[in-house]
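Contents: one structure, followed by commentary.
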Amino acid sequence: MADASSLDALVDALRRLPGVGVKSASRMAFHLLQHDREGAQLLARALQQAAGQVRHCERCNTFTEAPICHVCLDTRRDASKLCVVETPADQAALERTGAFRGYYFVLMGKLSPLDGIGPKDIGLQKLFDRARDGTVSEVILATNFTAEGEATAHVIGEALKQHGLTVTRLARGVPAGSELEYVDLGTIAHALVDRR
């Protein structure tokens with residue numbers, strides 16, 4: 001039946017989103033088709049446009065519609081500082097803080113030998129070329145605090161230290177507003193080691 005196959009195709013497409021299983025995808029599909037056909041059309045157009053227009057910045061690798069993103073074009077930023085993140089979402093989170101006024105490099109992933117993801121797959125050579133361009137003096141490693149993120153930070157840090165660059169890592173510790181008895185032991189241990 002053609003109707004069922006179109007609905008099944010929609011559910012399968014929605015299941016490609018992270019954290020969305022069959023039930024959630026079905027619920028979204030039924031909602032869009034039953035209660036929000038206009039929203040479904042809007043979503044389809046937005047996805048089509050984004051897939052056709054959004055590309056990687058030639059300089060930092062983040063998402064942009066122009067060859068160079070607006071952050072890389074901002075000459076008021078501190079060119080001596082380069083912050084390395086795993087994804088454009090991580091970059092956006094750092095930008096929302098307003099605390100960093102340097103430039104970024106987005107890896108578009110992390111090293112994961114078990115998944116077959118090596119240095120070439122996340123563009124490490126492009127990062128190394130950028131970091132050694134003569135203007136960067138400090139590279140801030142802002143990869144996630146997962147096993148893969150830590151390994152990625154270690155590999156990048158060791159390679160850049162050999163070229164005389166200052167390499168720093170994001171601090172980690174007890175979140176503001178939290179109570180120690182509810183914080184996991186690993187976070188407390190890192191906070192003690194990295195105390196100021």
Side-chain angles (χ1 to χ4, degrees), residues 16-19 46-173 175 186-187 190-191 193-194 196:
R16 296 179 71 108
L17 295 170
L47 281 169
Q48 188 72 32
Q49 182 175 351
Q53 301 288 330
V54 176
R55 64 178 88 177
H56 293 285
C57 173
E58 294 171 4
R59 189 163 162 79
C60 75
N61 219 25
T62 195
F63 290 140
T64 182
E65 289 189 33
I68 306 290
C69 73
H70 72 281
V71 172
C72 288
L73 290 174
D74 186 352
T75 57
R76 296 169 296 167
R77 290 184 169 262
D78 183 352
S80 69
K81 306 224 181 325
L82 183 65
C83 183
V84 179
V85 295
E86 291 180 20
T87 67
D90 295 335
Q91 177 192 0
L94 285 171
E95 273 296 285
R96 283 192 302 273
T97 69
F100 181 67
R101 295 301 301 160
Y103 291 105
Y104 295 93
F105 187 87
V106 181
L107 295 170
M108 300 304 284
K110 57 193 169 275
L111 295 175
S112 181
L114 294 176
D115 296 321
I117 300 172
K120 291 180 182 176
D121 300 308
I122 61 171
L124 287 190
Q125 189 57 53
K126 185 176 177 183
L127 166 62
F128 296 152
D129 293 343
R130 170 92 185 272
R132 297 183 301 218
D133 68 359
T135 58
V136 174
S137 62
E138 179 186 4
V139 176
I140 302 160
L141 300 175
T143 56
N144 293 313
F145 290 103
T146 61
E148 294 90 352
E150 292 283 0
T152 303
H154 178 74
V155 168
I156 293 169
E158 291 302 310
L160 292 177
K161 285 176 189 173
Q162 293 176 4
H163 293 279
L165 290 165
T166 300
V167 179
T168 58
R169 182 85 167 107
L170 281 187
R172 55 186 158 184
T187 300
H190 283 294
V193 170
D194 296 337
R196 312 184 248 148

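G123 and F105 make their closest contact through O-CZ, 3.8 Å (heavy atoms, listed as atom of the first residue, atom of the second, distance). Summarising the geometry of R55 relative to A66, their closest heavy-atom pair is CD-O, 3.8 Å, with the distance given to 0.1 Å. The two residues C69 and C57 have their closest heavy-atom pair at N-SG, 3.3 Å. Shortest non-hydrogen contact noted between V85 and A142 is CG1-CB, 3.9 Å. Nearest heavy-atom pair across V136 and R130 is CG2-O, 3.9 Å. Considering every non-hydrogen atom in both T146 and K110, the closest pair reads OG1-CD, 4.4 Å.
Here the side chain of N61 pairs a donor or acceptor atom with the backbone of V106 at under 3.5 angstrom. For the pair D115 (side chain) and I117 (backbone), a donor-acceptor distance under 3.5 Å is absent.
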Solution key, residues 149-160 side-chain donor-acceptor pairs under 3.5 Å, sequence neighbours excluded:
residue : atom : partner : partner atom : Å
E150    : OE2  : R172    : NH1          : 2.6
T152    : OG1  : L111    : N            : 2.8
T152    : OG1  : E148    : O            : 2.7

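Annotation: side chain of R169 is in contact with side chain of T143 (closest heavy-atom distance under 4.5 Å). Counting heavy atoms from C-beta on, the side chains of R59 and P67 never come closer than 4.5 Å.
Remark: E138 engages K81, I140, T166, T168 in a side-chain contact (heavy atoms from CB on, under 4.5 Å) (not counting sequence neighbours). Remark: R132 pairs with Q125, F128, D129, H163, L165 by the side-chain contact (heavy atoms from CB on, under 4.5 Å) rule, at least two apart or across chains. The side-chain contact (heavy atoms from CB on, under 4.5 Å) check on H70 picks up nothing, with sequence neighbours excluded. Partners of Q162 according to the side-chain contact (heavy atoms from CB on, under 4.5 Å) rule, which considers only residues two or more places apart in sequence or in another chain, do not exist here.
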ask   = Do L82 and L127 pass the side-chain contact (heavy atoms from CB on, under 4.5 Å) test, and can you show the C-alpha distance, the side-chain angles, and the key distance before you say yes or no?
value = CA-CA 10 Å; L82 183 65; L127 166 62; 4.0 Å; yes

Would Q49 and V54 count as a side-chain contact (heavy atoms from CB on, under 4.5 Å) here? Give the steps. CA-CA 8 Å; Q49 182 175 351; V54 176; over 6 Å; no

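Annotation: the span from T135 atom OG1 to D133 atom CG amounts to 3.5 Å, rounded to 0.5 Å. Summarising the geometry, atom SG belonging to C83 is positioned 6.0 Å from atom CG belonging to L170; distances are rounded to the nearest 0.5 Å.
Listed by first and then second residue, the side chain to side chain donor-acceptor pair (under 3.5 Å) pairs that reach into residues 86-105 are T62-Q91, D74-R101, R77-E95, E86-N144, T87-D90, E95-Y104, sequence neighbours excluded.
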